[in-house]
There are 2 protein chains.
Amino acid sequence: MPSYTAPIKDMQFILHDWLRVSEQDVPGYEDMDRDFTSAVLEEAGKVASEVLMPLNEVGDREGCVLENGVVRTPTGFKDAFQQMKDGGWTAMDCDPDFGGAGLPYLMHTAAQEPFVSANMAFNMYQGLTHGAYSAIYAHGSDAQKQTYLPKMTTCEWTGTMNLTEPHCGTDLGLMRTKAEPQDDGSFAITGQKIFISAGDHDLADNIIHLVLAKIPGGPEGIKGVSLFIVPKIMVNEDGALGDPNSLSVGKIEEKMGIHGNSTCVMNYDGATGFLVGEEHKGMRAMFTMMNEARMGVGLQGYAQAEVAYQNAVIYANDRLQGRDVTGDKNPDGPADPLIVHPDIRRNLMEQKSFLEGARALTYWGSSLIDRSHRLDDKEADGLVSLMTPVVKGFLTDKGFEYAVAAQQVYGGHGYIEEWGMSQFARDARIAMIYEGANGVQALDLVGRKLSQDGGKHVMAFFEMVKTFIKENDGNAALKADFLDPLKAASKDLQAAGMYFMQNGVKDPNHALAGSYDFMHMMGHVCFGYVWANMAKSAMEALEGGASDTAFYETKIATGRYYMARQLPATGMHLARINTGADTVMALEADQF
Amino acid sequence: MPSYTAPIKDMQFILHDWLRVSEQDVPGYEDMDRDFTSAVLEEAGKVASEVLMPLNEVGDREGCVLENGVVRTPTGFKDAFQQMKDGGWTAMDCDPDFGGAGLPYLMHTAAQEPFVSANMAFNMYQGLTHGAYSAIYAHGSDAQKQTYLPKMTTCEWTGTMNLTEPHCGTDLGLMRTKAEPQDDGSFAITGQKIFISAGDHDLADNIIHLVLAKIPGGPEGIKGVSLFIVPKIMVNEDGALGDPNSLSVGKIEEKMGIHGNSTCVMNYDGATGFLVGEEHKGMRAMFTMMNEARMGVGLQGYAQAEVAYQNAVIYANDRLQGRDVTGDKNPDGPADPLIVHPDIRRNLMEQKSFLEGARALTYWGSSLIDRSHRLDDKEADGLVSLMTPVVKGFLTDKGFEYAVAAQQVYGGHGYIEEWGMSQFARDARIAMIYEGANGVQALDLVGRKLSQDGGKHVMAFFEMVKTFIKENDGNAALKADFLDPLKAASKDLQAAGMYFMQNGVKDPNHALAGSYDFMHMMGHVCFGYVWANMAKSAMEALEGGASDTAFYETKIATGRYYMARQLPATGMHLARINTGADTVMALEADQF
C-alpha cells in the first residue's frame, strides 16, 4: 500500500526562504510566520496521511454507486468528510463574515496540497464547493450570500459547477439548457449537464448546483449565457431545508480514474434556479474564478506526481535488483537497491526537480492572487492571468508524465492495481482535460493572454526575468548553473513570441500551430526562474549559517538538475514553433 | 464504441513501394507480391475489425475470472480464438514441418498488427504461444519439437513464459525456483512465478509453460538458470493428454489494463519439467528469441496508438466545437469540426507521423530478422540487435504517449470508459514495462549494443544513413526537407556516442545517465531514416505516374511533419547527454 508524508520542509522553504511571506506587504501575510505555517501544514499533513490516504485505494476500488436516485460514496468517505469539516479545512480562506478563517489564498493552496496528494477524488468534494463559494461570493446578491455561503464555508452544503452538455464542452456558446423566467423572479431550468463532479453524494445535507443556462430571447452564443443557483433541496426563508428541487442524477460515469468522486449526468426538469449576477453575464462570473480554479488543477497535477514520487523513492531504495556498475553498494545483500542505477536516478531527479519547481510556481502564483485580491495589485493580476494557462497546462501534462514515470520505477508491479501506482497515473490524467483541456490553455495563452492589454503582461514577465538575472549577475555561484541557462531559455521564449508577432498577423495559424509548444516552453522558463530564485535563497541560507546544510545543498543540486537537463527543451520547442503552420496544416481533413 | 480499420494502403506502401519485398533476395519473399500481401492483410483486417474489435471492450470490462482453480476468459473469447485457429493466423510463419505456413517473419509481423490494434489482450494468447514455439523450435530436442510444436502451431495448446518471481524481474540471477533432477531424466520444478501472461485460460486443451529455474548445485546467479517445458497437463507417449501436472494458479492480478489477458501467479509444486537445451544455458535460449519478442512489443506500442489515432480522427471530424480562426469551415452548422483547429491538427500530425514511421521501422526490422534467419546475414543480425532496444523502448514510450494524445482529442469523453479511449491508453501502458522495462532497453543499448563486436553495428548504422544521404544528395526535392534534417540528427547522435566514448571510460555513469536520452535520440534518427526513404519512394511513385496522387502526397507531407517538428528533439537529447552524470548522481540516496 502506498504511503504519503507531506513535504513540510520543502513547503516551508518556499514560503519563508524564498517568498519570505511574513515580510510581504499583503494583508494577512504578517501572521504567516514559520511557526504558524508549520503548524497548519503539519496538521494538514497528518490528516492527509492518516485519514485521507488510507481511503484513496478504497475510493478507487469501490467507486460511487447510484442507488434509487441517490449516490453513495465509498466506505469511510462520510467520516473523513466530517473530520475535514470539524478541522475547519474547508473554510480556511473563506470570508469570516460567512464563517471562514479569512486566511490568505496562499495558505489555502499550501494546505490543500497534502489533501490532493493523499486523495484527489475525495478532496474534489470540498474543492468544487470552494469554487462555487467563490462564484457566489463574487457575484451573488447579499441575500444569496447570507443564504448559501455560511453552509458552504463549512461544507454542510457542498457545491458543483454545471457547464458541459453532451454536445458542448469547450464551446459553451452551443449550450441548450434553458432558464425560463417565472413570475416570482426565479427561473425554471431545463436541460442536461454532464461531467458534473460531486454532482450527487451522501456527504452533505444539500448540494448547491451552479448552472449555466440560456434565458430564451437573449443574445446568441456565449453572450447569452447566465449563471444560476439551483439547490438540490430548496431552502426556505428561515434557512431550513424544504422540498426537493426538480432535478435528478441521470447516471454516474465510469471513468479512468478519480472513482471516489461521483461524476454525474444531471437532469434539470424545470428546476427552480436563481440568477447570480446579471442576465447574460454568466461567463464573466465563471472567468473571475478561473485563475483560482485552474491554479487548483495545476496543483492536482503536481500533487499526484508528488505522492507517486514519494512511493517510487521508497521502492527504489527497498527493491534489490542488479549491481551498481561502479562497485557494489550493498555487498552483503543479494543485489543493490534500484536507486544505484543511473537511469533510475535520472528518472527520480526528473520527478524531484519538477515537483519542487511546480510547488514553487504554484505558491508564487497563489501569492500573486493574494496581491491581486488583497492589494488590488493590477500588475500581479495581469501576471497571474498570463501564467494561469501555463500553470494549468504545463503542471498537469508534466504531473501525469511523472506519475507515469514513478509507476515505471516499479516495473511490472507498477501495472498491478494492488501497488497503487496505477491509480496515481489514472487519477492524474483527468487534470489535463477538465477546467479547459490543455490545448485550450495553450490557445488561451497564445491567442489571448500574450496580447492582453497590449502585451503588457508578457513584457512585464520578461522584464522580471531580465531584472533578476541582471541583479544577480555578480553572483558567481548562481551565474553558470542558473542565470546563464535561464537567460538562454528566456531568449528562446522571446524568439518564439517574436515569431508569432511576425507571422501570426498574416496567418494566425502560424501562431496557433505553435501554441502548445509555447505553453511548455514558457513552463520551462517559469521553472528556470523559480529554480534560480530558490537556489539563490538556499545559497543565502547556507551563507547565513543555516544548520540543515544537507537540505539546502539538496535544494541547489536539484535545481542544477533542472537547469542542466530540463531547460534545454526550450530550444526544441523554439525549433518546432519556427516551422510555423506549414507542415501542421498541410493535409486536408480527409487525408488523415 | 470505437472502431478499427486496418491501414492496408499504408502497409502495402511500406512493403512494396519502399522495401520492394518481392524483389529482395530473401527466400520466401519472392511470393510476397502486392496481390498476395494485400489478400492476407485484407483478411487479417477483416477478422480484426469484425471479430476482435467488438470483444476489446468486453475483455476490458469483464476481465478474466479465477473460479475453482480454473481461469475463465471474457465472453466471446473462446469463439474468436477458434476463428483465429481456423483461419490459420496462429501458424503463419511457423515451420511447415510442424504445420505452419512457413511465411516470412515480415508477413507475420504485418498480419499481426491489425489483431494487436483491435484487441491487444486477446492477441497475447497467441503471441505468447508464438514465443514459446520459437524457444522450443530453436533449442528443444527433436522429440520435444514433435511432441509440442504441431499443437502449438495451431494453438490447440498455448504457451507461456515464466521468468519473473516476486523478488526479481530484471535481475533473474536472484531466481529461487528450483529444478531437481529426477531418475527418469525429468526435473521437479518448485517455486512461484508471477506476471505470467496467459498463465491459465479456457481457450486451449493444454498450456505449455516454459519455466526458468535453477538446478541445485549449478553456477551462482544468472549463469545457473535453465529452461524447462512444464505442461499444464502431461502428454502421454502417444501424444494424448494424461494427468494434470503439479502446478496451479495462485491468483489473477488486477491490472491497469489488458484485462482480457489472464496475468497469473503460477505455483509450481514439484511439477514435472523437461530440460530445453543444455543445463544452465536457459538465458541463452531466452536471448535467441528476444529480438522477435521485443520487436513484437514495439509493435504493440504503435498498434495501440494506431487504433487510438483512427478514433481520434473520426471524433475530430464529427465533433463540432468552436470556429476556424481563418474563416468558418462549416458555415451552415452550429460550429466547425475540431479538426479545423491548429492544435488539434498538430496533435493528429504528431500521431500520424509517428505511426507511419513506427510501422516502417518495425517492418524493416522484421525484414532484417528474415535476412538473419533465412540468409544467415550477420550484418542484418547485428543491425537488428542494435535496433531492437530502440524499437521496443521508443515505440512503446511514444505509443503510450500518443494513445494518451488521442484520448486528449476527446476532451472529457476521453476519460469516460464508455468511449474506449481510456482503454487504449491503459492497455498501451504495459508495453513500456514488460519484455524488459524501457530503462533496461536503454541500458542494453548503451551498455551493451553500442560496443558489441567492437562497435561494428553502430558504425554500420551510421554508414548506412550516411550512404543514403550521399546517394540522394542530388535529389533537390528530398534534400532540404528530408536529407538535411536527417544529417543534422545523425550528427547529434554521433556526437552523443562520442561523448559516451570519451567520458564513459573514466566513469560509466556518464554514459548510463544519458542512456534513456540516447535511446530516444536513436529512435528519432531511425525515424528520420525511414521517413526519408519513404518520401523518396513516394516521390518516385508520383514521378512514375502513380494514379493515387493524394495518397503519395499525403505520405510526403506526413514525413515532412516528422522531419520538421519531431527531429529537432535530437538537439535537446544531446544537450542533456552532454551534461553527463554530474547532476544525475549528485544526491545521496537519502536525499531524495
Using heavy-atom distances under 4.5 Å, tell me whether B:Val440 contacts chain A through its side chain, its backbone, both, or neither.
neither
Contact part of B:Asp582 toward chain A, heavy-atom cut-off under 4.5 Å: side chain, backbone, both or neither?
neither
Interface moiety of B:Phe195 toward chain A, non-hydrogen atoms closer than 4.5 Å:
side chain
Ignoring hydrogens and angles, tell me if any N or O in the side chain of B:Lys352 forms a donor-acceptor pair with the backbone of B:Leu355 under 3.5 Å.
no
Chain A contact via B:Asp590 - side chain, backbone, both or neither, heavy atoms under 4.5 Å:
neither
When the 4.5 angstrom heavy-atom criterion is applied to B:Ala442 and chain A, the contacting part is neither
Quick one about A:Tyr561 and A:Glu350 (side-chain donor to acceptor, distance below 3.5 Å, no hydrogens or angles considered), yes or no?
yes
Under a 3.5 Å threshold, yes or no: a donor from one side chain and an acceptor from the other, between A:Thr326 and B:Asp507?
no
Which atoms of B:His413 approach chain A - backbone, side chain, both or neither, heavy atom under 4.5 Å
both
Side chains of A:His520 and A:Asp397 only: does a donor on one sit below 3.5 Å from an acceptor on the other?
yes
For the residue pair B:Tyr315 and B:Trp419, does the interplanar ring angle fall in the parallel (under 30°), tilted (30 to 60°) or perpendicular (over 60°) class?
perpendicular
Heavy-atom distances under 4.5 Å only: say whether B:Tyr309 touches chain A with side chain, backbone, both or neither.
side chain
Does the side chain to side chain contact (heavy atoms under 4.5 Å, CB included) test come out yes or no for B:Phe592 and A:Met349, once each step is laid out?
CA-CA 8 Å; B:Phe592 281 90; A:Met349 288 301 294; 3.5 Å; yes
With chain A as the partner, which of B:Thr554, B:Asp324, B:Asp517 has the greatest number of non-hydrogen pairs under 4.5 Å?
B:Thr554
